Amino acid sequence: MSCASRFSPAAHSVDRGQYNDVPEDVRAWFKGVKNADGIPCCDISDGHRTTYDVRAGAYWVPIEGAWWKVPDGAIIRNAGNPLGEAVVWYVKLGGNIFIRCFVPADAS
């Protein structure tokens, strides 16, 4: 079950073998990342590689054709980043986007 299931019982992550070639250390990283409140971001099927912009000191990410401001509590600065690309975890509920976690490309 994905983190999305926390908000909606009908939402589930689906692994159709698309992650078979992901190294175990990267897979473990996705499963171990937690936000500032200690809540797991989810796992590899829920994280989305993304681009981002910094505006007035805040991170913004494109999701479904619109730019969304990343909440401060969702920014993860101390988990490293084995991908070297930004990753955002979010759920869509009632037409709104809720960003759970965001790791910038250069997270240390």
Side-chain angles (χ1 to χ4, degrees):
M1 233 184 236
S2 76
C3 284
S5 65
R6 175 182 168 122
F7 296 103
S8 170
H12 298 277
S13 297
V14 178
D15 181 351
R16 296 186 180 102
Q18 69 268 40
Y19 307 115
N20 288 344
D21 294 331
V22 175
E24 193 56 42
D25 63 322
V26 174
R27 187 181 303 268
W29 178 79
F30 269 94
K31 291 181 179 183
V33 178
K34 296 179 181 178
N35 69 16
D37 295 326
I39 299 170
C41 296
C42 293
D43 74 27
I44 194 163
S45 58
D46 301 303
H48 304 269
R49 293 177 187 200
T50 189
T51 59
Y52 62 92
D53 192 16
V54 178
R55 303 175 189 172
Y59 288 104
W60 289 75
V61 295
I63 300 173
E64 297 186 8
W67 285 87
W68 296 82
K69 183 179 178 185
V70 177
D72 286 340
I75 301 168
I76 301 165
R77 295 179 172 91
N78 61 354
N81 185 339
L83 299 176
E85 295 178 65
V87 181
V88 63
W89 288 259
Y90 65 90
V91 294
K92 186 175 180 179
L93 181 63
N96 291 313
I97 299 291
F98 297 94
I99 298 174
R100 298 182 49 79
C101 300
F102 172 74
V103 177
D106 60 354
S108 56

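Please read all numbers here as calculations on a predicted model, not as lab measurements. Heavy-atom basis, side chains included; hydrogens, waters and symmetry copies ignored. Residue numbers start at 1 and run along the sequence shown.
A74 approaches I99 most closely through the heavy-atom pair CB-O, 3.8 Å. Summarising the geometry of G47 relative to F30, their closest heavy-atom pair is CA-CE2, 4.1 Å, with the distance given to 0.1 Å. Residue I97 comes nearest to W68 through the heavy atom pair CG1-CZ2, 3.3 Å, listed as atom of the first residue, atom of the second, then distance. Pairing each heavy atom of I76 with each of K34, the nearest pair is CD1-O, 3.4 Å. In this structure, P104 and Y59 approach most closely via the heavy-atom pair CG-OH, 3.6 Å. Across every non-hydrogen atom of D37 and N35, the tightest pair is N-OD1, 2.9 Å.
No single ILVMFWY cluster, assembled from side-chain heavy atoms under 4.5 Å apart, contains both W67 and V70. Under the 4.5 Å side-chain heavy-atom criterion for grouping Ile, Leu, Val, Met, Phe, Trp and Tyr, W60 is not connected to Y90 through any hydrophobic cluster. Both V33 and V26 belong to a common hydrophobic cluster when Ile, Leu, Val, Met, Phe, Trp and Tyr are linked at side-chain heavy-atom distances under 4.5 angstrom.
Atom CG of D72 sits in a sparse spot, with 12 or fewer heavy atoms from other residues, nucleotides or ligands closer than 6.0 Å.
For residues 66-104, the disulfide bond (SG atoms under 2.5 Å apart) pairs, not counting sequence neighbours, are C41-C101.
Using a distance-only test at 3.5 Å, with no hydrogens or angles considered, no donor-acceptor pair links the side chain of D25 to the main chain of W29.
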Q.
What verdict does the side-chain contact (heavy atoms from CB on, under 4.5 Å) test give for F102 and T50, after you've listed the backbone C-alpha separation in whole Å, the side-chain angles of each residue and the deciding distance to 0.1 Å?
A. CA-CA 10 Å; F102 172 74; T50 189; 4.1 Å; yes
